[in-house]
Amino acid sequence: PDMSVTFAGLSCKNPVNTASGTYGQGCQFEPFYDVSVLGAITTKGCSAEPWEGNPAPRTAEITAAIINSVGLENPGVEAFSKTYGEYLTALAVKGTRIIVQAVGHTLEEYIESVEKYEEFVPFADAIELNVSCPNVSAGGAAMGGTPSGAAGVVQAVRSRTKRPLIVKMAPVNIAEIARALEAAGADGLSLINSIPGMAIDVHTRRSRLARPVAGVSGPAIHNIAVRMVWEAYKACKLPLCGIGGIMTGEDAAEFILAGATLVSVGTANMVDPTSAPRILSELEAWVASQGVSSITELIGAFEC
Ligand code: RRO
């Protein structure tokens, strides 16, 4: 079957993308497989200036999930480009779409991050605005949790770039925020980010992470994410990227049926580095089993 899709103006050879922060900058996975088999990759969020992130420990395995409080450790856009630009440019030439992610604590910092991408990162096909990081005290989820906060980030940066703007949504109030983002000029939505949770070591009675409240990702949140993608699909006309606990091709297929055009593999990359290409071939087998010639016939084809 034809696995190609168009998302926010980007023609992708297939719908399989990677979730920001779970995939480094792609090159880390080259020892395991040819990354150019994927439709797109999304790189770790970068701010205009470097950020150190939160104190350790900041990741733990919990039931059917991972919990993280990384806190957006990153080297800044310019160093990101110096270190990875050559690799990512070559990957783009092979037809894998490159989505970079902009972050900030304030509207001004989001603007600075996008402006640095404009200056130093010509190879990116789209910019994802992360308005939903659960692990930074300002910015992130603090802005993405309301319609006006999320839309305000899009409005602040919209005139600074001609590239498609994708918004990484917080797992709250999906329909209303999706409509506000559409009105503000977003080109696509990716959802969901991790869900705030806690993990306590009952023997020591201490938090398992240095920061007690942190983002839960993985199979435990998958069906919550499927429901949220369906809510966004009904609420707006923007193309959607479904994210949340995709471990198999059938998990990805659920997002497609709920209305997603792209699907991102996240936690699974950390469980087994070969997950993304396996999920792609399983998804392709599912599309073939449905008797359609193109995966696009299955987007939103869920029946109540
Ligand atoms: O770096 C992080 O702590 C982080 C981010 Br920015 C995010 O968007 N989601 C997440 O689970 N962790």
Report, as yes or no, whether the 6.0 Å neighbourhood of atom CZ on R206 holds more than 12 heavy atoms from other residues, nucleotides or ligands. no
Can you name the closest pair of heavy atoms from S69 and P57 and give their distance? OG-O, 4.2 Å
Under 3.5 Å: donor-acceptor pair, side chain of R278, backbone of M247: yes
Among K162, R158, R163, K237, which residue meets the salt bridge (Lys or Arg N to Asp or Glu O under 4.0 Å) test with D187? R158
I'd like to know if F7 and Y233 are part of one continuous hydrophobic network [Ile/Leu/Val/Met/Phe/Trp/Tyr, side-chain heavy atoms within less than 4.5 Å]. yes
Tabulate below the donor-acceptor pairs under 3.5 Å that side-chain atoms of residues 209-222 make, not counting sequence neighbours, or state none.
unit_1: S217; atom_1: OG; unit_2: T267; atom_2: OG1; d: 2.8
unit_1: H222; atom_1: ND1; unit_2: G244; atom_2: O; d: 2.8
unit_1: H222; atom_1: NE2; unit_2: E254; atom_2: OE1; d: 2.7

Minimal non-hydrogen separation, V100 against T43, with atom names: CA-OG1, 3.4 Å
Nearest atoms (heavy-atom pairs only) where V154 meets A184: CG1-O, 3.4 Å
Answer yes or no: does atom CD of E250 have more than 12 heavy-atom neighbours from other residues, nucleotides or ligands under 6.0 Å? no
Answer yes or no: are there more than 12 heavy-atom neighbours, outside E61 itself, under 6.0 Å from its atom CD? no
The residue among D125, I127, I166, T18 that forms side-chain contact (heavy atoms from CB on, under 4.5 Å) with I99 is I166
Which residues pass the salt bridge (Lys or Arg N to Asp or Glu O under 4.0 Å) test with E115, sequence neighbours left out? R160
Is R227 salt-bridged to E231, going by a charged N under 4.0 Å from an acidic O? yes
Any chance you could lay out the side-chain hydrogen bond (donor to acceptor under 3.5 Å, both in side chains) test for S293 and D2, step after step, and finish with the verdict? CA-CA 6 Å; S293 56; D2 179 2; over 6 Å; no
Between A138 and V136 the two heavy atoms that sit nearest each other are O-CG2, 3.2 Å
Mind listing the closest non-hydrogen atom pair of S47 and N74 along with its distance? OG-ND2, 2.9 Å
Taking the side chain as C-beta and beyond, is there a heavy-atom pair between E119 and V77 under 4.5 Å? no
Any carboxylate oxygen within less than 4.0 angstrom of a Lys/Arg side-chain nitrogen, looking at E73 and K44? no
Have E128 and S190 got a donor and an acceptor in their side chains that come within less than 3.5 Å? yes
If you count heavy atoms of other groups shown closer than 6.0 angstrom to CD of Q28, is the number above 12? yes
What's the shortest heavy-atom distance between P171 and M228, and which atoms? O-CE, 3.2 Å
